[in-house]
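Chain letters run A, B, ... following the sequence lines, proteins first and then strands; every chain starts at 1.
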Amino acid sequence: MSRSSTSSFDVAAPRGRTRQFSLRRAWQFPTCVVGLLVLAELILRAPWTVSTLPIRTHYHEPGIVRRVEALERVLAERGSIDILFVGISIVRCNIQPLDFDRAVLDRGLREVSFNGGLSGLWPKAVALYVEHLWLPKAHPAIVVQGIRFGELHSSPRARRETAIMSGPIESRWDTQRATRAIEIGALERVHLLQYRGTLPRWLASYESGAPGQDLDDDGRVATDARGWTPRLPTLDVALSRGLLKQEAPYSAPIKDAETEATLRSIARTAELCRRAHVRYVLVNVPEHAFRWSTPGGAERYGEYIDTLRALAASQSFEFIDVTNRDPRRFASDAEYSDYHHMSPAGAHRFTLMLASELGPRLPGTLTAGRR
Amino acid sequence: MLFHTPQYFLFLAIVLVLYFSLNHRGQNLMLLGASVFFYACWDYRFVSLLVASCVLDFWAGRYIYRARLAGDRAAMKRGLLASLTGNLGMLGFFKYFGFFVSSADSALRALGFAPSLPVLNIILPVGISFYTFQTLSYAIDIYRGQLDPVDRFLDFALFVAFFPHMVAGPIMRAVDLLPQMTRPRVVTQANLERGLLMLGMGLFRKVAIADPAGMLADSYFADPSTFSTIPLACGLVLYGLQIYNDFAGYSDMARGAAWLLGFDLMRNFRQPYFAKNIADFWKRWHISLSTWLRDYLYIPLGGNRKGPARTTINLMLTMLLGGLWHGASWNFVIWGGLHGTYLAIHHTWRRWRDARQIEWTPAPLVTRVLSTAVVYALVTFTWLFFRAHDTGTTIAYLSGLLALSPGGEGALLPVFVLWGLTLAIDVPQAVTEDELFLLRWGFMPRAAVVATACLVILFSGQMRHEPFIYFQF
């Protein structure tokens with residue numbers, strides 16, 4: 001069979017080089033390339049490079065990477081975390097770890113707390129991150145989960161599970177592959193693997209011609225060393241600007257199938273902590289009184305608190321409610337930036353109240369011995 | 001199993017280990033098994049279709065050959081007709097049935113009828129357009145007396161199903177690939193080096209250029225009305241970069257894998273955007289399809305041997321069918337029609353120039369740059385019809401382009417970056433006329449380039465693996 005005029009090779013095939021196989025030569029080149037990549041890894045680990053390059057992308061959302069970076073810095077400085085606050089953005093904005101530490105220090109306790117609140121993480125997702133991220137990484141003595149009534153029901157604001165599980169590390173959490181631990185370990189440790197998608201993301205920021213449109217929440221506002229993100233402006237300013245016209249008092253049922261499912265997620269987080277020998281505390285994060293301002297709202301609020309208290313009792317964990325079943329205890333517009341995120345002043349007051357509730361329960365249970 | 005996923009590289013590694021531990025016959029058997037497994041990973045239901053296609057053409061080839069030896073022209077035609085009917089019937093049913101039914105339905109409705117034509121939701125078997133053309137060329141070449149049939153079904157089945165090229169080409173001719181199946185192959189260190197470099201270059205094109213370009217182009221095509229003229233123009237350029245690097249990347253990876261196994265697949269792209277005229281573009285773009293269409297459609301139709309008018313008709317027909325080959329949709333027909341028009345104009349101009357013996361001698365560099373720019377602009381504009389999936393998007397995109405609205409200059413930056421990466425491969429390839437130019441470089445520069453390419457790939461990788469565009473055809 002000779003080549004014909006209809007051969008698919010219009011261009012002569014390149015001639016093969018006829019060198020003999022040499023194992024030494026075969027290894028030299030890949031070794032050199034790997035050496036250069038190791039050099040690149042070292043450069044990527046340098047603080048200057050980390051601060052200059054865009055945020056790493058090994059978790060599904062930059063906010064999580066920022067939290068993990070902050071946690072690693074605290075662990076490097078202080079050795080361990082005693083109290084870890086988890087929950088959605090109301091935890092991130094309404095609890096100031098440094099204020100909390102100072103408040104309990106007044107009681108003679110040297111505690112290190114960290115705020116691991118992440119926007120849009122409803123209780124089911126909180127359980128996921130507590131299991132796979134916070135407990136193994138932070139090794140806290142106490143996990144404090146903040147909750148508000150709105151989280152008992154589903155919401156378009158809640159981060160979707162499919163979005164969460166699209167993250168390079170998160171997508172490996174629920175796989176059964178034998179290499180799972182190696183993959184996660186590599187993604188957590190090797191900086192070369194942590195910038196996946198950075199180039200297209202950077203290019204995409206120029207899509208309409210001007211970059212900077214895709215900054216996440218954390219990228220726009222400052223977050224302190226312990227993970228607290230202050231929220232501005234205050235509610236009165238927001239209202240005067242007409243920013244909260246869509247907001248309304250709560251009318252959803254206190255108990256239904258959705259709330260039951262959420263309560264099971266909270267119970268799961270408690271159980272995960274118990275299995276890891278970590279104390280678990282559930283905290284009601286108070287919202288503005290407006291949320292319960294409908295007729296019978298106060299009673300419904302009491303019913304909500306009782307539901308959480310009953311859950312805590314049945315699952316044998318502690319529950320803290322600084323409002324004492326009274327929604328009107330947090331009604332100042334100056335203490336909120338909307339109806340659930342507090343202003344720095346509100347966060348300060350709530351944090352001190354939380355410290356005064358939690359502080360007396362700390363001795364004897366804390367991790368002083370771990371240091 | 002996409003070529004740029006870890007699963008494929010694991011599959012390829014296992015195949016290589018087995019391959020080097022077997023003799024020639026065992027290698028072919030194992031490669032066939034691996035190819036069927038590879039195809040079944042896409043959709044196991046269509047393996048039977050692949051088998052049917054192999055059986056049909058293996059039989060048709062032998063039938064035509066026996067008739068050829070006996071000098072029985074009628075039997076030869078019967079054999080060829082069986083192959084054509086079987087292959088084109090299969091392709092027509094799976095790829096075009098729905099299209100023609102819906103087109104007929106729309107036409108009848110426009111005429112005031114209310115037809116109730118059967119609507120079938122037929123899944124397109126992956127790779128059908130590619131392996132059908134391959135098996136067809138086998139039967140046609142035997143009919144033409146340019147090829148003798150292969151003796152063993154195993155060799156023929158491997159020729160059709162060989163996994164590196166089965167899903168999206170290159171469309172190999174039996175005359176080139178079958179001898180590689182039947183004769184023992186020698187894998188040298190040079191083969192391995194070339195293969196690995198080709199695989200790496202293909203991966204780079206796909207992950208570092210095509211996917212980011214595609215991500216950006218998608219957003220422009222999703223809602224063209226929200227962008228000004230410059231970003232929309234950038235969107236077209238980016239789509240041009242996407243489809244080139246996506247398909248060239250796939251072809252490089254296919255050829256790289258084949259080289260590792262001691263096979264030689266044909267080159268499918270030769271820096272098409274450097275073409276100096278539209279005919280030159282088609283000698284550089286999807287070469288295995290354009291040469292197939294030339295040899296099995298354009299030339300049998302009469303090519304340029306039957307006068308100017310007939311040449312134009314032949315060109316238009318070839319390009320319209322070439323467009324339709326890509327998919328059962330009118331936008332591909334328009335795309336093919338536009339390219340046919342460009343080619344017809346080009347041929348007419350050349351004939352006119354040759355008839356008057358006009359010497360075209362301005363400064364060569366200026367001519368070259370200008371003609372390349374014109375061809376590039378035409379090809380890029382024509383991608384609009386290839387990419388836009390409906391008339392509404394096409395009109396909205398065109399309106400946005402023609403509106404000449406200001407702003408959005410920053411959108412040029414991704415174009416520069418991704419064109420820069422494309423040129424980083426294409427310019428040295430064109431200058432050295434060696435697609436594996438990197439093998440000529442010194443040890444350290446080569447290692448530095450490979451390490452840098454690895455870094456760019458790591459920084460470019462998307463969260464999900466985008467399929468190759470041509471897999472849908």
| task | Please name the pair of heavy atoms, one in A:A204 and one in B:L216, separated by the smallest distance, quoted to 0.1 Å. | result | CA-CD2, 3.4 Å
| field | Contacting region of B:L196 [heavy-atom separation from chain A under 4.5 Å] | value | neither
| Nearest-0.5 Å distance that lies between atom CG in B:L413 and atom CH2 in A:W202 | 4.5 Å
| Side-chain heavy atoms of A:F29 within contact of B:V450, under 4.5 Å | yes
| task | Could you pull out all residues at least two apart from A:H58 that satisfy side chain to side chain contact (heavy atoms under 4.5 Å, CB included)? | result | A:R56, A:V65, A:I169, A:Q194
| remark: Looking only at B:S137, B:A213, B:S219, B:P170, most heavy-atom pairs under 4.5 Å shared with chain A are made by B:S219
| field | A:K137 atom NZ, over 12 foreign heavy atoms within 6.0 Å | value | yes
| said: Looking at every heavy atom in both B:M215 and A:R201, which two are closest together, and how far apart are they? | reply: CE-N, 4.4 Å
| Closest approach of A:P200 and B:S460, non-hydrogen atoms and distance? | CG-O, 3.2 Å
| message | Show the nearest heavy-atom pair for residues A:Y206 and B:Y220, with the distance to one decimal. | response | O-OH, 4.4 Å
| message | Using a 4.5 Å heavy-atom cutoff, which residues in residues 35-46 of chain A come close to chain B? | response | A:L36, A:L37, A:A40, A:L44
| request: Find the distance between CG (B:L458) and CG (A:L199) and round it off to the nearest 0.5 Å. | output: 11.5 Å
| field | Set of residues satisfying ring-ring contact (aromatic ring centres under 6.0 Å, His included) with respect to A:Y195, sequence neighbours excluded | value | B:F459
| Atom group of B:F443 that falls short of 4.5 Å from chain A, counting heavy atoms | both
| field | Residues in ring-ring contact (aromatic ring centres under 6.0 Å, His included) contact with B:Y143, at least two apart in sequence or another chain | value | none
| request: Return the option, out of B:I230, B:L238, B:L455, with the maximum number of heavy-atom pairs under 4.5 Å with chain A. | output: B:L455
